[in-house]
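Okay, structure first, notes after.
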Amino acid sequence: MGRHIFKIAFLGFALVSGSAVQAQTVASLPSGGQPIQNSGTAKPILGWVKFCEKNPAECAVNSNEPRIITLTSQVWNAIVSVNKRVNAEVKPVTDQDHLGVVDYWSFPIDGKGDCEDYQLLKRKLLADLGLPRRAMRMTVVIDELGEGHAVLMVRTDKGDYILDNKTSAVLSWDQTGYAYVKRESQEASAWVSLGGITTSPTTTANK
């Protein structure tokens, strides 16, 4: 899907540009924190595998891109703005209620989606603004309900921050209260373990 076509499909997000970001209230830069450590390989979520078969460019890892983002005020404001806008514009609905399947990863092209759909769109929009996709990794956690949940981890020189459809606040990974299970690798189209639990969820089937 071309960039122009994608943005036409998401008219509500088309204003997320450099000027629109600067029009937002500038959020204070976080003070920084420790990055999360990975601990070996992990099996990817099946929904991600099927999504990548249809959207290989979204899952490919470009080793020429930086692994972390230099967090300036402008970049931080873009991250906060995109997180808020997508959370406000997309209506939460489970894949089962929406599509009749347990777990289906996709862009919320009709304005509806569950957790991973929000995060895929956020990454797409931030990549369109120039942030390196390699530094923005889809991540699986266990949430406050004890269920599998997808968030977007943005890796920066001030630590790892989480974009989440459950809150408009962009928090450091260790401030969310989640147990971190695994995330996309930054070296290949694969996943790495984050050591949060021993039994990995097979889906991210909540909204």
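Count residues from 1 along the sequence.
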> Listed by chain and number, what are the side chain to side chain donor-acceptor pair (under 3.5 Å) partners of Arg123, not counting sequence neighbours?
Replying inline: Glu184
> Does the Gln175 side chain pair with the main chain of Ser172, one donor and one acceptor, at a distance under 3.5 Å?
Replying inline: yes
> Got a donor-acceptor contact below 3.5 angstrom from the Lys182 side chain to the Thr139 backbone?
Replying inline: no
> So, do Lys122 and Asn83 sit near enough that their side-chain heavy atoms are less than 4.5 Å apart?
Replying inline: yes
>> By the disulfide (SG to SG under 2.5 Å) test, which pairs, at least two apart or in different chains, include something from residues 34-76?
In response: Cys52-Cys59
>> According to ring pair (Phe, Tyr, Trp, His ring centres under 6.0 Å), who are the partners of Tyr178, at least two apart in sequence or on a separate chain?
In response: His149
>> Which heavy atom of Ala78 sits nearest to which heavy atom of Leu126, and what is that distance?
In response: O-CD2, 3.8 Å
> Residues two or more places apart in sequence or in another chain: which of them pass side chain to side chain donor-acceptor pair (under 3.5 Å) with Asn55?
Replying inline: none
> How far apart are the C-alpha atoms of Thr94 and Asp97, what are their side-chain angles, what is the distance that settles it, and do they pass the side chain to side chain donor-acceptor pair (under 3.5 Å) test?
Replying inline: CA-CA 5 Å; Thr94 64; Asp97 291 339; 3.2 Å; yes
> Do you know which two heavy atoms are closest between Trp48 and Ser189, and how far apart they sit?
Replying inline: CH2-OG, 3.5 Å
>> Taking salt bridge (charged side-chain N to carboxylate O under 4.0 Å, His left out) as the cut-off, I'd like each qualifying pair that reaches into residues 168-179, sequence neighbours left out, listed once.
In response: none
>> I need the Tyr161 OH to Thr156 OG1 distance, nearest 0.5 Å.
In response: 5.5 Å
>> Quick one, Pro30 and Leu71 - any side-chain contact, counting heavy atoms below 4.5 Å?
In response: yes
> Of the non-hydrogen atoms in Leu29 and Ser73, which two are nearest, and what is the gap between them?
Replying inline: CD1-OG, 3.8 Å
> Do Asp103 and Leu46 come within less than 4.5 Å of each other through their side chains, counting heavy atoms only?
Replying inline: no
> Which atom pair, heavy atoms only, marks the closest approach of Lys112 to His98?
Replying inline: O-CE1, 3.6 Å
> Taking only residues two or more places apart in sequence, or in another chain, which ones meet Glu144 in a salt bridge (Lys or Arg N to Asp or Glu O under 4.0 Å)?
Replying inline: Lys166
> Are side-chain heavy atoms of Phe51 and Pro44 found at a separation under 4.5 Å?
Replying inline: no
> Taking side chain as C-beta onward, heavy atoms only, is Ile142 less than 4.5 Å from Val181?
Replying inline: yes
> Just how far is it from atom NZ of Lys158 to atom CD1 of Ile68, taken to the nearest 0.5 Å?
Replying inline: 11.0 Å
> Hey, are the side chains of Leu129 and Leu125 touching, using non-hydrogen atoms and a 4.5 Å cut-off?
Replying inline: no
> Looking only at atom types and distance, does a side-chain atom of Glu116 sit under 3.5 Å from a main-chain N or O of Ala150, one as donor and one as acceptor?
Replying inline: no
> Is it the case that one hydrophobic cluster holds both Val192 and Val141, taking links as side-chain heavy atoms less than 4.5 Å apart, direct or via other members?
Replying inline: no
>> side-chain contact (heavy atoms from CB on, under 4.5 Å), that's the test. Do Asp157 and Ile69 meet it? Break it down for me.
In response: CA-CA 6 Å; Asp157 60 348; Ile69 294 168; over 6 Å; no
>> Before you tell me yes or no, could you show the steps for Leu163 and Val151 under side-chain contact (heavy atoms from CB on, under 4.5 Å), namely the whole-Å CA-CA distance, both residues' side-chain angles and the distance that decides it to 0.1 Å?
In response: CA-CA 6 Å; Leu163 280 67; Val151 296; over 6 Å; no
>> If we ignore hydrogens and angles and just use 3.5 Å, is the side chain of Trp76 paired with the main-chain N or O of Ser28 as donor and acceptor?
In response: yes
> With no hydrogens and no angle check, is any side-chain donor or acceptor of Asn87 less than 3.5 Å from a backbone partner on Asp164?
Replying inline: yes
> Are side-chain heavy atoms of Leu120 and Met138 found at a separation under 4.5 Å?
Replying inline: yes
>> Using side-chain contact (heavy atoms from CB on, under 4.5 Å), reason through Ile162 and Val170 one step at a time and then give a plain yes or no.
In response: CA-CA 6 Å; Ile162 302 301; Val170 178; over 6 Å; no
> When clusters are formed from ILVMFWY side-chain contacts under 4.5 Å, directly or step by step, what else is grouped with Val101?
Replying inline: Leu99, Tyr104
> What residue pairs, at least two apart or across chains, pass salt bridge (charged side-chain N to carboxylate O under 4.0 Å, His left out) with a residue in residues 64-81?
Replying inline: Arg67-Glu187
> Do Gln119 and Asn165 have side chains that get closer than 4.5 Å, going by heavy atoms?
Replying inline: yes
>> So, using side-chain contact (heavy atoms from CB on, under 4.5 Å) as the criterion, who are the partners of Asp160 when residues are at least two apart?
In response: Pro35, Ile36, Met153, Arg155, Trp173
> Is it true that Val61 and Leu194 fall in one hydrophobic cluster, defined by side-chain heavy atoms closer than 4.5 Å?
Replying inline: no
> Would the Phe107 and Tyr118 ring centres measure less than 6.0 Å apart?
Replying inline: no
>> So, using side chain to side chain donor-acceptor pair (under 3.5 Å) as the criterion, who are the partners of Thr176 when residues are at least two apart?
In response: Tyr180
> Do you know the tightest heavy-atom contact between Ser193 and Ala42?
Replying inline: N-CB, 3.7 Å
> Which residue pairs pass the disulfide (SG to SG under 2.5 Å) test when at least one of the two sits in residues 74-104, sequence neighbours left out?
Replying inline: none
> Nearest heavy-atom pair of Met136 and Leu152: which atoms, and what distance?
Replying inline: C-CD1, 3.9 Å
> Quick one: side-chain contact (heavy atoms from CB on, under 4.5 Å) partners of Pro66, sequence neighbours excluded?
Replying inline: Pro132
